[in-house]
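What follows is one structure encoded as structure tokens, with my remarks underneath.
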Amino acid sequence: MPEGPEVQVVIRTLQEKLQDALITDVEVFYPKLEEDGHLTDLIGQRIRKFSRLGKYMIFETDDYDWIAHMRMEGKFYVFFSAPEDRRHIHAIFHLDDGRYLCYHDTRKFGRMSVYPKTEDLHSLPMLKNVGYDYTDPHVTGDYLYQEIHHSRRCLKMALLDQRIIAGIGNIYANEICFACGLDPRSRCTRLSKKDCALIVDVTRRILNEADALGGTTVHSFASGFGVTGRFQQHLQVHMQDGKPCPRCGHTIEKIMVQNRGTYLCRNCQKRK
DNA sequence: CCTTAGACCTGGAGGC
DNA sequence: TGCCTCCAGGTCTAAG
């Protein structure tokens with residue numbers, strides 16, 4: 001599920017449900033879920049603050065910073081009774097009011113860490129490759145130009161580099177390139193400061209709109225629980241191959257760029 | 001130093 | 001139906 005906006009939606013939902021909840025027990029069924037520290041240290045802790053940096057979730061408890069990344073398919077559910085089907089549930093956090101916070105992840109890519117509380121989140125090992133969030137005012141056109149204009153990479157790869165702007169994933173990278181009228185394969189070295197200013201503006205506009213609409217749900221997961229967004233109805237190019245471009249009517253194509261599915265309109269996205 | 005395949009996992013979709 | 005290959009919203013690594 002998770003690019004920045006989807007993580008934001010999950011964080012907001014969990015905050016509404018779990019603000020100040022007390023964790024009374026922790027069960028971990030898939031040991032590799034834990035990256036640094038131990039989830040059992042959270043026993044006896046209340047979750048005080050919910051936030052996000054890029055695609056990473058940050059739960060601050062009384063004494064710890066609990067960091068989670070859902071990667072491709074991780075999901076959090078809150079149940080009123082212990083789940084019967086524990087397939088793909090890799091951790092259960094028992095809460096003092098009888099509810100259960102469950103972490104579900106079909107592909108087991110998600111990871112969690114527990115660190116003693118710190119002032120400087122960027123200093124945490126799990127966040128070492130995470131730069132400014134897409135909502136961070138440090139992210140400006142000049143900043144982006146500075147970071148990428150020496151790079152031989154293509155535009156889309158730079159957008160997916162979490163050290164430059166954190167929170168953009170494959171779907172929004174495709175949408176951002178389309179909205180900017182730039183071919184995702186454009187070389188970073190050929191982009192102007194003006195291009196970079198446009199890219200930053202468009203990034204904020206698209207990701208904020210996606211957040212407001214509850215994010216993007218591409219795969220339809222087992223219905224009933226989890227978060228389903230409405231932004232997929234606003235996708236201009238992602239998963240739209242074969243359909244006419246909403247801007248010029250030319251057929252949208254799917255290509256592979258660096259092994260990631262990439263959707264574009266060759267007619268109105270200029271390759272620089 | 002920078003850039004790019006490969007690895008990590010599972011299940012659904014589509015071809016035969 | 002069954003088997004096979006490819007693909008999926010991410011990120012670290014090893015190797016060039």
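Order of the sequence lines sets the chain letters (A, B, ...), proteins ahead of strands, with each chain counted from 1.
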Open item on the list: Here's a test of your reading of the structure: between A:K128 and A:K55, which maps to the more 5' nucleotide of DNA chain C?
Closed with: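 Nearest nucleotide further toward 5': that of A:K55.
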Output the rounded distance in Å from [atom1] ([X]) to [atom2] ([N]).
| X | N | atom1 | atom2 | answer |
| --- | --- | --- | --- | --- |
| A:D105 | C:dG9 | CG | C1' | 12 Å |
| A:D161 | C:dT11 | CG | C1' | 11 Å |
| A:Y172 | C:dA8 | OH | P | 17 Å |
| A:K156 | B:dT4 | NZ | C1' | 15 Å |
| A:L160 | C:dT11 | CG | C1' | 11 Å |
| A:R107 | B:dG12 | CZ | C1' | 11 Å |
| A:L53 | C:dT11 | CG | P | 11 Å |
| A:M72 | B:dA7 | CE | P | 16 Å |

Where the side chain of [X] is concerned, which of [options] is the nearest nucleotide?
| X | options | value |
| --- | --- | --- |
| A:K254 | C:dG10, B:dC9, C:dC7 | C:dC7 |
| A:K32 | B:dC9, B:dT10, C:dA8 | B:dC9 |
| A:T217 | C:dT11, C:dA8, C:dG9 | C:dG9 |

Task: Side-chain heavy-atom pair A:L207, A:Q8 within 4.5 angstrom cut-off - done: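 A:L207 vs A:Q8: side chains apart.
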Task: Beyond-backbone contact of A:V237 with A:E175, side-chain heavy atoms, under 4.5 angstrom - done: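 The answer is yes; the side chains approach within 4.5 Å.
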Open item on the list: Against A:L159, only a single residue in A:C177, A:C188, A:C154 fulfils side chain to side chain contact (heavy atoms under 4.5 Å, CB included); can you say which?
Closed with: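 By the side chain to side chain contact (heavy atoms under 4.5 Å, CB included) criterion, A:L159 pairs with just one of A:C177, A:C188, A:C154: A:C177.
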Presence of [X] side-chain N/O under 4.0 Å of [N] phosphate oxygens OP1/OP2:
| X | N | answer |
| --- | --- | --- |
| A:T106 | B:dC9 | no |
| A:R260 | C:dG10 | yes |
| A:N259 | B:dG6 | no |
| A:H69 | C:dT11 | yes |
| A:Q258 | B:dT3 | no |

Work out how far the [atom1] atom of [N] is from that of [M], and round it to whole angstrom.
| N | M | atom1 | answer |
| --- | --- | --- | --- |
| B:dA13 | C:dG9 | P | 16 Å |
| C:dT5 | B:dA7 | P | 16 Å |
| C:dA14 | B:dC9 | P | 15 Å |
| C:dC7 | B:dG6 | P | 14 Å |

- [ ] Quick one: look up who C:dG9 pairs with, Watson-Crick or G-U, both distances under 3.5 Å, and put none if it's unpaired.
- [x]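 Paired with C:dG9, as far as the under-3.5 Å criterion goes, is no nucleotide at all.
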- [ ] For B:dT4, give its Watson-Crick or G-U wobble partner with both distances under 3.5 Å, or none.
- [x]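 Paired with C:dA14.
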Open item on the list: Check for me: is A:F109 stacked on C:dT11 by the 5.5 Å centroid and 30° plane-angle rule?
Closed with: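 No.
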Open item on the list: Before we go on, tell me: are the rings of A:Y143 and A:Y132 under 6.0 Å apart, centre to centre?
Closed with: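 When the ring centroids of A:Y143 and A:Y132 are compared, they turn out to be within the sub-6.0 Å range.
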- [ ] Return the 5'-most residue of the pair A:R153, A:H88 with respect to DNA chain B, ranking by each residue's nearest nucleotide.
- [x]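 With A:R153 and A:H88 compared, the 5'-side residue is A:R153.
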TODO: Report yes or no: do A:H238 and A:Q232 form a side-chain donor-acceptor pair below 3.5 Å?
DONE: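 Their side chains do not contain a donor-acceptor pair, so the 3.5 Å distance test is not met.
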- [ ] Classify the angle between the aromatic ring planes of A:F231 and A:Y172 as parallel (below 30°), tilted (30 to 60°) or perpendicular (above 60°).
- [x]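 The arrangement is tilted - the two ring planes meet at 30° to 60°.
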At under 4.0 Å between heavy atoms, what does [X] touch on the DNA or RNA strands: base, sugar-phosphate, or nothing?
| X | value |
| --- | --- |
| A:R87 | sugar-phosphate |
| A:G261 | sugar-phosphate |
| A:R152 | sugar-phosphate |
| A:Y30 | sugar-phosphate |

TODO: Could you go through the salt bridge (Lys or Arg N to Asp or Glu O under 4.0 Å) check for A:D211 and A:R12 one step at a time?
DONE: CA-CA 10 Å; A:D211 178 0; A:R12 207 159 42 227; 2.7 Å; yes
